[in-house]
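What follows is one structure encoded as structure tokens, with my remarks underneath.
Order of appearance sets the numbers: ligands from 1, and atoms from 1 within every ligand.
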Amino acid sequence: MNTPTCFSLSSTADHVAHLVLNRPEAMNTMHPTFWRELDEVLTQIHNEGKARALVISSTGKHFSAGMALETFAGAIQMDDQSPEGRAAIFDLLTDMQTTFTKIENLRIPVICAIQGGCIGGAVDMVTTACIRYASADAFFCIQEINIGMVADVGTLQRLPKLIPFAVVKEMAYTGRRLPATKALAYGLVNEVFDTYEATVAAALQCAKDIASKPPVAIWGTKQAVTYARDHSVEDSLRQMGWLQGAIWSNAHVRESIAAMKEKRAGNFAPLSPLVTFIGAEDRPIA
Ligand SMILES: C/C=C/C(=O)SCCNC(=O)CCNC(=O)[C@H](O)C(C)(C)COP(=O)(O)OP(=O)(O)OC[C@H]1O[C@@H](n2cnc3c(N)ncnc32)[C@H](O)[C@@H]1OP(=O)(O)O
């Protein structure tokens, strides 16, 4: 993968990956390069299996102003009267949805640290995370209605699972901004901090705490909670039985209890790199 231009990616000794949106001069807007690089970087984190938690933060006054408005110039020239044009809209949209869904599908928890405006596509993005921290100046806006379209990359599907329906509808119909204090009251964000620095520090500390636990148990927990969000309690309990049966580790439980008693950090192996068939064609069949 080439060095990304819209992001920086680093990792700490504590196995925390930190992805930073780093185009503050453009308010971290989303354009074709943003989408391509984000997809690549998420695939890399997923496949490598080294990171145990991911923090996504941003730079500048705003977390992100959403889709770069100039990118719509191309889209609105598309022939929306033809089935081919409509199919192209469907495919483009599906690609963008797939990229953000990769955040939700990562094997590790994702924590977003949000400052200033979190607008349009940025709301799509942060609602795929497990945990959100915000600075006091943060606000959330389903801006799409103000530019004549329906929000279409996940906000209308995920936000109602996080905050009351009526609040989502108010935001989506009016394009009004939801300030950090209200986002906290509704449970969209876990905590609000006075400054951007404190917000990022809290996100990194939370990620560090997560990264100290057995990665497979964290993976299973993320799987179970996400499944429970989308299924009945009965189905989720059954899935939990299968999941626990599949991932149970005497070694992890023994080491966790020993570490707790000895007041030390547990020692756990990282997740494996993702199993891949790439290169298999190079090997002769025995
Ligand atoms: C699938 C996803 C869909 C979507 O994401 S739809 C949503 C698309 N995004 C927007 O419509 C953003 C609308 N913009 C705003 O709400 C505000 O702006 C901000 C809160 C982001 C920033 O407010 P402030 O700090 O007061 O700055 P400022 O003077 O409004 O903006 C500075 C310059 O930035 C341009 N700008 C703002 N957002 C975008 C954008 N998304 N793409 C391209 N340019 C943008 C403005 O027009 C202006 O420009 P100039 O200085 O030339 O007047």
Please work out which of the three classes, parallel, tilted or perpendicular, describes the rings of Trp35 and Phe100, given edges at 30° and 60°.
tilted
Distance-only donor-acceptor hits, side chain of residues 228-236, under 3.5 Å, sequence neighbours excluded:
| unit_1 | atom_1 | unit_2 | atom_2 | d |
| --- | --- | --- | --- | --- |
| Arg229 | NH1 | Glu104 | OE2 | 2.9 |
| Arg229 | NH2 | Glu104 | OE1 | 3.3 |
| Arg229 | NH2 | Glu104 | OE2 | 3.4 |
| His231 | ND1 | Tyr227 | O | 2.9 |
| Ser232 | OG | Asp235 | N | 3.0 |
| Ser236 | OG | Ser232 | O | 2.7 |

Give a yes or no on whether atom 6 (S) of ligand 1 lies under 4.0 Å from any heavy atom of the protein.
yes
Which heavy atom of Asp124 sits nearest to which heavy atom of Gly154, and what is that distance?
OD1-N, 3.3 Å
Side chain, backbone, both or neither: which applies to Leu69 and ligand 1 if a contact is any heavy-atom pair less than 4.0 Å apart?
both
Which atom pair, heavy atoms only, marks the closest approach of Ala211 to Val16?
CB-CG2, 4.1 Å
When you measure from atom 9 (N) of ligand 1 to every protein heavy atom, which one gives the shortest distance, and what is it?
Ala65 O, 2.8 Å
For ligand 1, which atoms, with element, lie under 4.0 Å from some heavy atom of Ala68?
42 (N)
Any chance NZ of Lys261 has more than 12 other-residue heavy atoms, nucleotides or ligands included, within less than 6.0 Å?
no
Short check: is a protein heavy atom less than 4.0 Å from atom 50 (P) of ligand 1?
no
The atoms of ligand 1 lying under 4.0 Å from a heavy atom of Gly120, numbered in the order shown, are 4 (C), 5 (O)
Is there a heavy atom in Glu70 that sits closer than 4.0 Å to ligand 1?
yes
Strictly inside 4.0 angstrom of atom 42 (N) of ligand 1, do you find any protein heavy atom?
yes
With the threshold set strictly below 4.0 angstrom, can you tell me whether any protein non-hydrogen atom sits that near atom 53 (O) of ligand 1?
no
Positive for side chain to side chain contact (heavy atoms under 4.5 Å, CB included) with Val110, one of Leu42, Leu54, Leu19
Leu54
Tell me which part of Met149 gets within contact of ligand 1: side chain, backbone, both or neither, using heavy atoms under 4.0 Å.
neither
If you measure from CD1 on Ile56 to CD1 on Ile103, what distance do you get to the nearest 0.5 Å?
4.5 Å
With salt bridge (Lys or Arg N to Asp or Glu O under 4.0 Å) as the criterion, how do Lys102 and Glu40 come out once you've worked through the C-alpha distance, each side chain's angles and the decisive distance to 0.1 Å?
CA-CA 10 Å; Lys102 280 188 178 181; Glu40 287 174 359; over 6 Å; no
Shortest heavy-atom approach to atom 11 (O) of ligand 1 - which of Lys61, Gln143, Met27
Gln143
Number the atoms of ligand 1 from 1 as they appear, then name those within less than 4.0 Å of a heavy atom of Val153, with their elements.
1 (C)
With heavy atoms and a 4.0 Å threshold, my read on which part of Met67 contacts ligand 1 is both
Within-4.5 Å side-chain heavy-atom neighbours: Arg52 and Ile218:
no
For atom 27 (O) of ligand 1, is some protein heavy-atom partner under 4.0 Å away?
no
Under 4.0 Å from atom 13 (C) of ligand 1, can you find at least one protein heavy atom?
yes
Could you tell me if any non-hydrogen atom of Gly121 lies under 4.0 Å from any atom of ligand 1?
yes
Could you tell me which atoms of ligand 1, counted from 1 in the order shown, lie closer than 4.0 angstrom to a heavy atom of Gly66?
5 (O)
Would you say ligand 1 has an N or O under 3.5 Å from any N or O of His62?
yes
Please determine, by modelled atom types, if Thr59 and Asn22 share a side-chain donor-acceptor pair under 3.5 angstrom.
no
What do you think, any protein heavy atom under 4.0 angstrom from atom 30 (O) of ligand 1?
no
For a quick test of your reading: what N or O donor-acceptor pairs under 3.5 Å do the side chains of residues 173-188 make, sequence neighbours left out?
| unit_1 | atom_1 | unit_2 | atom_2 | d |
| --- | --- | --- | --- | --- |
| Thr174 | OG1 | Glu170 | O | 2.6 |
| Thr174 | OG1 | Arg176 | N | 3.0 |
| Arg176 | NH1 | Glu170 | OE2 | 2.8 |

With a 4.0 Å cut-off, strictly under, does atom 23 (O) of ligand 1 pick up any protein heavy atom?
yes
Using the six-membered ring wherever Trp is involved, compare the ring planes of Phe34 and Phe7 and label them parallel, tilted or perpendicular (cut-offs 30° and 60°).
tilted
When you compare ligand 1 with Ile147, is there at least one nitrogen or oxygen pair between them that comes in under 3.5 angstrom?
no
Decide whether the shortest distance between a heavy atom of Arg177 and an atom of ligand 1 is less than 4.0 Å.
yes
Only heavy atoms count here, so choose which of Ile145, Ile119, Asp124 is nearest to atom 19 (C) of ligand 1.
Ile119
Looking at Thr29, which atoms of ligand 1 are within less than 4.0 Å of one of its heavy atoms?
40 (C), 41 (N), 42 (N)
So, applying side chain to side chain contact (heavy atoms under 4.5 Å, CB included) with Arg158, which one of Val168, Thr101, Val126 is it?
Thr101
Can you tell me if Asn250 has over 12 outside heavy atoms packed within less than 6.0 Å of its CG?
yes
